[in-house]
Structure formats: structure tokens, C-alpha cells
> 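The structure follows.
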Amino acid sequence: MNATTLRGLAGDAVGAALERAIASGRLPDAPEARSAEIEVSRPAKLEHGDVAANLALRLARPLRMAPPAIAAAIADALRELHADGAGGPISTVEVAGPGFLNLRFADDAIENVLDTARADPGSWGRAAAIAAGSPTRHVNVEFVSANPTGPLTVGNARGAFVGDLLARVLEAGGQRVTREYYFNDSGTQVRNLGASILAIREGRPIPEDGYHGEYVVELAPNLPPELAVARDAAEAEDERTWAAGRWASDRIRTGIEASLAALGVRFDVWTSEGSLTANGWVDRAIARLRDGGHLYEQDGATWFRSTAFGDDKDRVVIRSNGSLTYFAYDIGYVIEKFSRGFDHLIYIWGADHHGTVARVRNAAEAMGFDKSAVEMILTGWVHFVENGQELSMSKRAGTFIALDDLLAELGADAARWYFASRGANVNMDVDIEVAKRQSSENPVYYVQYAHARIAAILRKAAATGLTAAPSLAGSLSGAEERALALIAARLPEVVEDAAAAQETQGITTYATELATAFHAFYRDARVVDPDEPARSASRLALVDATRISLANALGLLGISAPEAM
RNA sequence: GUCCCCGUAGCUCAGUGGACAGAGCGGCUGCCUUCUAAGCAGCGGGUCGCAGGUUCAAAUCCUGCCGGGGACGCCA
């Protein structure tokens with residue numbers, strides 16, 4: 001009961017009205033009524049108020065009363081509270097339809113909220129402004145994690161954006177986030193990469209399981225001299241191959257980091273697979289499972305009893321040849337991550353990894369961690385098509401489209417919007433040609449245009465000698481003003497919902513709605529009018545608040561808010 | 001065979017328990033002397049895959065089916 005969003009305050013007021021209705025005997029004192037969850041939502045239709053509560057409908061059965069009668073009792077109590085000055089942000093309440101409570105905000109409540117935004121634009125919409133001092137959880141978000149055996153492809157784009165967007169939304173929701181990239185620096189693929197480099201340098205054919213991409217050819221001439229000379233002993237030659245692989249992999253990883261940075265995606269921690277064994281984490285994880293009786297030997301291999309936790313089969317941790325499975329590294333990584341104090345782990349994985357979700361979560365539980373603290377978000381498939389032809393994304397075959405190339409044509413803003421406006425788990429088809437052709441029609445420009453238009457108005461005002469009013473107080477008398485202000489004031493609620501759902505579609509939908517409302521306002525209301533300085537000042541304040549909400553919504557998605565277009 | 005995701009307008013997708021289902025793109029018709037027409041106004045477009053069930057209320061929850069994609073290794 002200490003909400004600061006308009007929606008939250010309205011919910012508090014309805015809750016208080018419910019209590020009053022019970023206390024005064026207008027409603028029965030049933031436990032269901034006392035513990036009822038208050039939901040306020042935005043009605044689809046304008047005439048249904050600014051927000052609506054369905055409380056009366058939900059209480060009909062437990063209270064054995066008709067919904068309209070319950071609603072009327074709560075509405076009466078709310079009006080009494082309002083008369084006492086305790087009605088929260090609500091000015092009027094109506095009972096409508098089957099028993100909804102349709103609520104309307106007082107103009108000054110909306111004005112106050114927008115004044116808050118203008119007073120501190122940097123924190124507007126972020127959780128700190130919603131609930132200062134609330135406990136935060138520290139979340140590890142691991143994403144991309146593509147092996148550095150080749151440049152990022154367009155196939156990696158989704159994971160990069162989904163992970164980055166999620167991290168931004170969680171941070172805005174008040175959580176601490178560490179962005180992490182896990183990469184393989186010691187596996188067979190690294191050796192294959194090294195073998196490919198050496199083969200190219202020495203004029204031999206690239207091995208069948210080697211890497212055939214152009215980037216390998218470009219890397220080969222730069223191999224350090226100490227690795228360029230063939231060694232006599234087979235063992236030494238093998239070591240040279242590994243070293244060449246590690247060298248190439250390191251170069252590629254640097255390139256990946258640069259590619260991601262160009263998209264506005266940065267990482268706090270890069271963890272290598274090799275470090276998990278070198279620092280004993282895999283051993284520790286295995287020991288813990290063994291101590292708990294969750295391992296057994298069969299056919300010379302060591303198995304984790306994953307079925308004991310609901311998996312459909314047990315999983316090998318150590319192969320019969322003594323080598324570790326990928327799964328062994330996974331569980332070592334789990335224990336390593338928790339050792340750093342995270343409360344929650346999120347993995348962004350492709351849909352093809354769904355089969356490994358259960359075993360990792362089960363192992364976490366077996367090691368004594370809270371299973372619900374290990375969460376996998378699986379991204380849907382992105383099916384790239386060009387000229388009706390499906391594009392393969394094989395780094396080994398070298399048949400891929402580099403992420404850098406596509407983004408150079410699309411632009412990071414358009415790509416970000418594209419992924420932010422869709423659910424992470426839906427499959428989608430992307431026709432490369434259509435995507436390039438339509439990049440200029442991307443809805444992101446509609447929103448950015450609204451921002452640029454406001455910037456133009458503010459410039460015009462400055463040139464005209466008009467300035468925005470310091471407060472919006474009393475400026476929402478007109479219907480056009482109020483409609484726009486109501487939406488601009490909603491940003492914190494949108495962020496709250498996005499963080500709770502761990503999704504960003506709501507933010508793109510909101511930004512579009514706010515832009516639409518502004519464009520309509522622009523049509524109907526002249527902002528800069530030297531003949532009406534007082535009205536100009538209040539409209540400038542409103543438009544400035546709108547600009548802040550637009551800029552922050554875009555900023556939350558890592559998208560720029562241009563001053564001019 | 002088992003498991004996971006998806007199925008909403010011509011296309012790409014929002015909406016996942018509330019009051020006559022939305023946006024963008026595409027199609028059609030209007031609107032620039034006036035703060036940016038990357039805009040605005042309007043028209044047309046829907047068996048929310050199908051069938052049952054739960055509920056005062058279902059695109060939304062449950063069951064079954066159909067269709068599309070994916071996963072089922074001592075690969076990574």
C-alpha cells in the first residue's frame with residue numbers, strides 16, 4: 001500500500017474504500033473480501049474511465065451479492081473517502097456494465113506525476129522512482145555466448161538483443177544485473193580452427209571439419225612468427241595447432257566484442273570454459289553431487305541421476321574415456337555463478353537447447369540451490385530467407401551473413417525495435433530483402449519522429465522567447481491536453497509491467513501509443529503561440545513531459561531519441 | 001513414440017481472465033500559406049487453427065485433435 005504510480009494509488013484507494021464499506025456494514029465481513037487482490041486495469045474504451053477495477057465482479061460469488069450492488073457500496077465508500085480528502089488520485093467513480101468500477105483521475109494528480117518526471121528526467125520511469133529503497137536482487141544474465149570460432153552471424157542477433165533488452169528492463173525495474181558471455185577456449189572447435197589456419201598458411205587443404213570462411217583466410221597471414229614454423233615431434237605440432245586455435249579464437253573474440261559494442265550491447269564479465277576447470281569449479285560441482293549421492297558409475301562413465309528430479313533420462317557427467325561432457329562444465333558454471341553471490345541466474349538460449357534445460361536446473365537443485373533461481377529463456381527460431389531461399393548459418397562452411405553486414409544496412413535502432421516488439425519465444429521469418437527495404441518503414445521511426453517534432457517545437461519556442469511553465473499545475477483543462485498527459489504519465493506502470501513479465505513488447509506498444517497521442521495533439525493544439533503566452537507555457541510543459549517519456553521509453557530499449565530527423 | 005514453442009486482418013506481429021479483438025506494413029480516398037507530411041483523418045479487411053470443458057466473463061485457463069517449427073548423443 002505504498003504505491004506511487006497513478007495505477008497503484010488508485011488500487012490503494014479502492015482497497016481503502018473496500019475496507020470502509022466492510023467496516024460500515026455495507027458489505028459482509030467475509031475473509032475473501034478482506035484478502036481480495038485489488039486489480040486496476042486500463043479499459044479498452046475511453047468512456048470507461050482512466051482505469052477500471054473488477055473487484056465487485058470477483059467478490060460476487062464469495063459475498064453472494066450481485067456485482068452492481070457490491071460496486072455501488074465500494075463506490076459510495078470511495079466518494080466518502082474523497083470528501084474526506086483521502087480518495088487518492090481519484091476524482092470520480094462510476095458503476096458501469098456488469099459491475100465495473102470506472103475511475104477517473106483528478107487532473108492535479110496527473111499534473112503532479114508529470115512534474116516529477118520533469119524534475120528528474122533521468123530516473124523517470126525507473127523503479128527507483130516507483131519504490132525507492134525496495135530490496136533488489138542481483139541477476140546474472142548470460143547471453144550470446146557464441147563460440148569465438150567465427151564472427152557473429154545474423155543468427156546471433158536475436159540472442160544479443162533479447163539478452164540486452166532483458167538486462168535493461170530488469171535494471172529499470174530496480175534489479176542489479178550482470179551481463180555475462182560464456183565462451184569456449186579449450187574445445188575441439190578451437191583446435192579445428194587452429195588446424196584450418198595452419199592449413200591455409202601452409203597451402204594444404206582445409207580439413208573437412210575445419211573452418212572455410214573468408215575470415216579464416218584473412219586471419220592466417222597474421223599468425224605470430226613463433227607459431228608459423230612447423231615442429232618435428234607430433235606432440236609439439238599438436239600443441240602448435242592448439243596455440244594457433246587459441247590465438248585465432250582470441251582475435252575473433254575481440255572482433256565479436258566490437259560487433260556487439262556497435263549494437264550497443266556490452267558485457268560485464270567474459271567467462272571461458274577453460275577457467276571453470278582450471279579454477280576447480282567443475283571438480284567442486286561433481287564432488288557436491290557425489291557427496292549428495294546423485295552420481296553413479298555405469299559402462300565406465302559417471303552419470304547424474306537427473307531422473308530423480310523429473311528428467312526423462314540420466315545424464316553423463318564424465319565420459320568413459322575420462323573427459324568431461326559439456327554438461328559437466330554447465331554444472332561447474334552454475335556453482336561458480338552462485339559463488340559470486342547472484343540471487344538469480346537467467347540463460348538466454350536458442351530453442352534448440354530446450355532439452356538441456358531440465359538437466360541443468362535439476363543439477364542445481366541437487367547441489368542445494370533453489371531450482372527456481374535458475375531460469376532459461378529460450379528464443380524462438382529466426383528463419384532467414386533471401387530470394388525464397390533459406391539461408392544456412394554455418395560458420396564451418398563459411399555460409400553465413402555477418403551480423404555487422406546486416407546491421408550496417410538496417411541500423412541498430414530498427415533492429416532493436418524489431419526484436420523488442422516481439423516475444424522472445426516466437427519463431428519468425430525474416431526475408432533479408434524485405435527487411436532492408438522496409439527498414440525505413442520500421443515503426444521505430446514513427447516514435448523517433450514524434451520526439452524530433454517535440455524537439456523542433458522546443459527550439460521554436462526558444463527562438464520565439466517562450467518558455468515552458470515550471471509546473472503543469474492547472475494545465476490539463478483541455479481534453480487534448482488531458483488525453484496526452486494521461487498516457488505520458490503511464491511510463492512507470494509500463495516499466496513495472498515489463499520488468500515483472502521480463503518482456504519488452506509492452507514498451508514498444510506504449511511508445512507507439514504515446515507517439516500517436518502526441519501526433520494527434522500536434523494536429524489539434526498549437527503549442528507555440530506568441531499571442532497566448534500563458535497557454536503556450538503550459539503546453540510547452542506538457543510537451544516537454546511527453547518528450548521525456550518518449551526519450552526514456554526509447555532509451556530503455558537502447559534506441560536513440562533524435563532531436564531532428 | 002516422448003517433450004518444448006508457435007497458430008489472431010492479405011503480410012509481420014501485439015493483446016494471455018474482463019465490457020463491441022488492436023498496431024505497423026500493403027490497398028483505396030482526402031489533407032502541407034501556419035511549431036518537421038518519416039505526419040493526420042477516413043474506408044476496406046477477423047470461424048482469434050478445430051472441438052469440447054471450467055467461469056458471472058475465454059483469443060487468454062484445462063483436455064483432445066489438426067497444422068508449422070524444434071529437441072530427444074558418453075556432440076558442442
Side-chain angles (χ1 to χ4, degrees), chain A residues 39 41 43-45 47-48 52-54 56-58 60-61 66-67 96-100 102 147 149 184 187-189 273 298-303 311-313 315-330 350-358 376 378-381 383 417-418 421-431 434-435 437-438 440-450 452-461 463-464 466 501 503 505-506 508-510 512-513 515-516 518-520 522-529 536 539-540 543 562 564-565:
Chain A
E39 286 179 15
S41 61
K45 307 212 71 164
E47 55 266 36
H48 291 151
N54 62 0
L57 291 144
R58 300 166 65 90
R61 181 176 284 267
F100 288 103
N102 290 344
N147 278 349
T149 52
N184 184 339
T188 313
Q189 299 312 321
E273 182 183 281
Q298 186 180 306
D299 303 329
T302 301
W303 299 70
D311 203 351
D312 55 356
K313 54 187 75 167
R315 309 293 173 174
V316 171
V317 180
I318 305 173
R319 299 189 188 99
S320 52
N321 68 4
S323 66
L324 297 166
T325 60
Y326 195 84
F327 174 55
Y329 287 93
D330 278 340
D352 54 334
H353 281 65
H354 109 262
T356 65
V357 170
M376 284 75 178
L378 302 179
T379 60
W381 223 240
H383 197 233
W417 184 276
Y418 191 82
S421 61
R422 288 156 172 79
N425 62 343
V426 304
N427 298 325
M428 44 196 193
D429 294 332
V430 177
D431 186 310
V434 173
R437 177 155 33 87
Q438 290 186 344
S440 63
E441 294 151 4
N442 190 299
V444 72
Y445 298 117
Y446 178 80
V447 177
Q448 290 182 318
Y449 185 63
R453 260 186 161 175
I454 294 175
I457 290 174
L458 296 177
R459 283 193 297 271
K460 173 81 174 183
T464 314
L466 292 166
E503 289 179 345
Q505 304 96 289
T508 57
T509 304
Y510 168 77
T512 304
E513 192 184 338
T516 299
F518 167 72
H519 286 310
Y522 180 89
R523 178 196 64 218
D524 296 333
R526 180 81 192 176
V527 177
V528 178
D529 184 354
S536 293
R539 283 184 174 171
L540 279 167
V543 154
M565 287 176 74

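This structure is a prediction, so every number in the text was calculated from the model and none was measured. Below, chain A is the first sequence line, B the second, and so on; all start at residue 1.
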> With heavy atoms under 4.0 Å as the rule, sort A455(A) into base, sugar-phosphate or nothing.
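The residue A455(A) makes no contact with any strand.
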> C1' atom, C61(B) versus U16(B): distance in rounded Å?
9 Å
> With respect to the phosphate group of C25(B), does any side-chain polar atom (N or O) of Y446(A) fall under 4.0 Å of OP1 or OP2?
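Answer is no, no contact under 4.0 Å.
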> Return the value, rounded to whole Å, for the distance between atom CD1 of I318(A) and atom P of G73(B).
20 Å
> Can a donor-acceptor pair under 3.5 Å be found between the side-chain atoms of S320(A) and the base atoms of C74(B)?
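Flag set: donor-acceptor pair detected.
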> Does U36(B) have OP1 or OP2 under 4.0 Å away from a side-chain N or O of Y445(A)?
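So the side-chain polar atoms of Y445(A) never come under 4.0 Å of the phosphate oxygens OP1 or OP2 of U36(B).
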> Contact class for D299(A) vs. all strands (heavy atom < 4.0 Å): base, sugar-phosphate, or nothing?
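Base, at least one base heavy atom under 4.0 Å.
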> With a 3.5 Å limit on both atom pairs, tell me what C35(B) is paired to, counting Watson-Crick and G-U wobble, or say none.
none
> Give a yes/no answer on whether the side chain of K460(A) brings an N or O atom under 4.0 Å of OP1 or OP2 in U34(B).
no
> Pick the closest RNA chain B nucleotide for E47(A) and for I457(A) by heavy atoms, then say which residue is nearer the 5' end.
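That would be E47(A).
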> Pick the P atom in C25(B) and in G39(B), then give their distance to the nearest Å.
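Result for the P pair: 7 Å, nearest Å.
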> To the nearest Å, how far apart are D311(A) CG and U2(B) P?
17 Å
> Answer with yes or no whether D524(A) presents, from its side chain, a donor or acceptor under 3.5 Å of a partner atom in the base of A41(B).
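Result: no qualifying N/O pair found.
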> Among A76(B), A14(B), C35(B), which is the nearest nucleotide to the side chain of V426(A)?
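Comparing A76(B), A14(B), C35(B) against the side chain of V426(A), the answer is A14(B).
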> Picking from A19(B), C74(B), C35(B), which would you name as closest to the side chain of Y522(A)?
C35(B)
> Using whole Å, report how far CH2 of W381(A) lies from P of G69(B).
13 Å
> Toward the 5' end of RNA chain B, which comes first, N425(A) or R58(A), by nearest nucleotide?
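In this pair, the answer is N425(A).
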> What is the base-pairing partner of G42(B), counting Watson-Crick and G-U wobble geometry with both distances under 3.5 Å?
C28(B)
> Do Y522(A) and I457(A) come close enough that some side-chain heavy atom pair is under 4.5 Å?
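They are in side-chain contact.
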> Over all strands shown, is D330(A) touching base, sugar-phosphate only, or nothing at heavy-atom distances under 4.0 angstrom?
nothing
> For the C1' atoms, the ones on A14(B) and on C28(B), what distance do you get once it is rounded to whole angstrom?
25 Å
> Pick the C1' atom in U63(B) and in A23(B), then give their distance to the nearest Å.
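My reading of the C1' atoms in U63(B) and A23(B) gives 33 Å.
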> Please determine whether side-chain contact (heavy atoms from CB on, under 4.5 Å) holds for the pair L466(A) and D529(A), giving the CA-CA distance in whole Å, both sets of side-chain angles, and the decisive distance to 0.1 Å.
CA-CA 9 Å; L466(A) 292 166; D529(A) 184 354; 5.9 Å; no
> Give a yes or no on whether the backbone of H519(A) and the side-chain of R523(A) come within a donor-acceptor separation of less than 3.5 Å.
no
> What does G350(A) touch in the nucleic acid at a heavy-atom separation under 4.0 angstrom: a base, only the sugar-phosphate, or nothing?
nothing
> State which of A14(B), A41(B), A19(B) makes the closest approach to the side chain of T509(A).
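Taking heavy atoms from C-beta onward, the closest nucleotide is A14(B).
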> Across all strands shown, which nucleotide pairs with G67(B) by Watson-Crick or G-U wobble geometry, both distances under 3.5 Å?
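Checking every strand shown, G67(B) finds its partner in C6(B), with both distances under 3.5 Å.
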> Starting the side chain at C-beta, find the nucleotide from A76(B), G15(B), A19(B) nearest to Q505(A).
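Looking only at heavy atoms from C-beta outward on Q505(A), the closest nucleotide is G15(B).
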> Do T325(A) and I318(A) have side chains that get closer than 4.5 Å, going by heavy atoms?
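They are not in side-chain contact.
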> For a quick test of reading the model: is some side-chain N or O of Q448(A) closer than 4.0 Å to OP1 or OP2 of A38(B)?
no
> Could you go through T356(A) and Y326(A), starting from their C-alpha distance and side-chain angles, then the distance that decides it, and tell me whether this counts as side-chain contact (heavy atoms from CB on, under 4.5 Å)?
CA-CA 10 Å; T356(A) 65; Y326(A) 195 84; over 6 Å; no
> Nearest to the side chain of R453(A), heavy atoms from C-beta on, is which of C74(B), A19(B), A37(B)?
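Among the listed nucleotides, the one closest to the side chain of R453(A) is A37(B).
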> A456(A) has a side chain; which of U36(B), G69(B), C13(B) sits nearest to it?
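Of all the options, the side chain of A456(A) is nearest to U36(B).
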> Would you classify Y449(A) as touching base, sugar-phosphate or nothing, given that sugar-phosphate means primed atoms plus P, OP1 and OP2, and contacts are heavy atoms under 4.0 Å?
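Contact class for Y449(A): base.
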> Going by 5.5 Å between centroids and 30° between planes, is there a stack of H354(A) over G70(B)?
no
> Watson-Crick or G-U wobble partner for U47(B), using a 3.5 Å limit on both distances?
none
> Taking a pair as Watson-Crick or G-U wobble with both distances under 3.5 Å, which nucleotide is matched to G1(B)?
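The answer is C72(B), by the H-bond criterion.
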> At less than 4.0 Å, is any side-chain N or O atom of R319(A) found next to OP1 or OP2 of A76(B)? Yes or no.
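R319(A) to A76(B) OP1/OP2: side-chain N or O found under 4.0 Å.
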> Which nucleotide sits closest to the side chain of P443(A): C35(B), G24(B), A14(B)?
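My answer, after comparing the listed nucleotides, is G24(B).
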> Take atom CD of E273(A) and atom P of A76(B), then tell me their distance rounded to the nearest Å.
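In whole Å, A76(B) P and E273(A) CD are 8 Å from each other.
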> Please state how far atom CD in E503(A) lies from atom C1' in U16(B), giving the value in whole angstrom units.
10 Å
> In Watson-Crick or G-U wobble terms, both distances under 3.5 Å, what is the partner of A59(B)?
none
> Have a look at A60(A) and say if it touches a base, only the backbone sugar-phosphate, or nothing, with a 4.0 Å heavy-atom cut-off.
nothing
> C1' atom, C48(B) versus A21(B): distance in rounded Å?
8 Å
> Identify the nucleotide, in any strand shown, that forms a Watson-Crick or G-U wobble pair with A23(B), with both distances under 3.5 Å; if there is none, say none.
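Looking at the geometry, A23(B) pairs with U12(B).
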> Using a heavy-atom cut-off of 4.0 Å across all strands, would you classify A66(A) as base, sugar-phosphate, or nothing?
nothing
> Would you kindly check if the NZ (Lys) or CZ (Arg) of R453(A) is within the cone defined by 45 degrees around the ring axis of F518(A) and under 6.0 Å from the six-membered ring centre?
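Geometry flag: not set, cation outside 6.0 Å or 45°.
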> Nearest 0.5 Å, what's the OH-OG1 distance between Y446(A) and T512(A)?
7.5 Å
> A57(B) P sits how many Å from N54(A) CG, rounded?
15 Å
> For a quick test of reading the model: is some side-chain N or O of R523(A) closer than 4.0 Å to OP1 or OP2 of A41(B)?
yes
> C74(B) and U55(B): how far apart are their P atoms, nearest whole angstrom?
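Looking at atom P only, C74(B) and U55(B) are 47 Å apart.
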> Round to a whole Å and report the spacing from CZ of F100(A) to P of A57(B).
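Whole-Å distance recorded here is 13 Å.
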> Please report the distance separating the C1' of G22(B) from the corresponding atom of U8(B), rounded so that it comes out in whole Å.
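The answer is 10 Å between these two C1' atoms.
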> Need one value for A520(A): base, sugar-phosphate or nothing, where a base atom within 4.0 Å counts as base even if backbone is also close, heavy atoms only.
nothing
> Decide yes or no, distance alone: a donor-acceptor N/O pair under 3.5 angstrom between the base of G70(B) and the side-chain of D352(A).
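Not at all, since no donor on one side and acceptor on the other fall under 3.5 Å apart.
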> Nearest to the side chain of T356(A), which nucleotide is it out of A76(B), U34(B), A19(B)?
A76(B)
> Please report, rounded to the nearest Å, how far the C1' atom of C5(B) is from the CE atom of M376(A).
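Result: 17 Å.
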> For G17(B), give its Watson-Crick or G-U wobble partner with both distances under 3.5 Å, or none.
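Pair assignment: G17(B) / none.
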> Scan H519(A) against the nucleic acid and name what it touches under 4.0 Å (heavy atoms): base, sugar-phosphate only, or nothing.
sugar-phosphate
> What nucleic acid atoms does S41(A) come within less than 4.0 Å of, heavy atoms only: base, sugar-phosphate, or nothing?
nothing
> Considering only the C1' atoms, how many Å lie between A9(B) and G27(B), rounded to the nearest integer?
13 Å
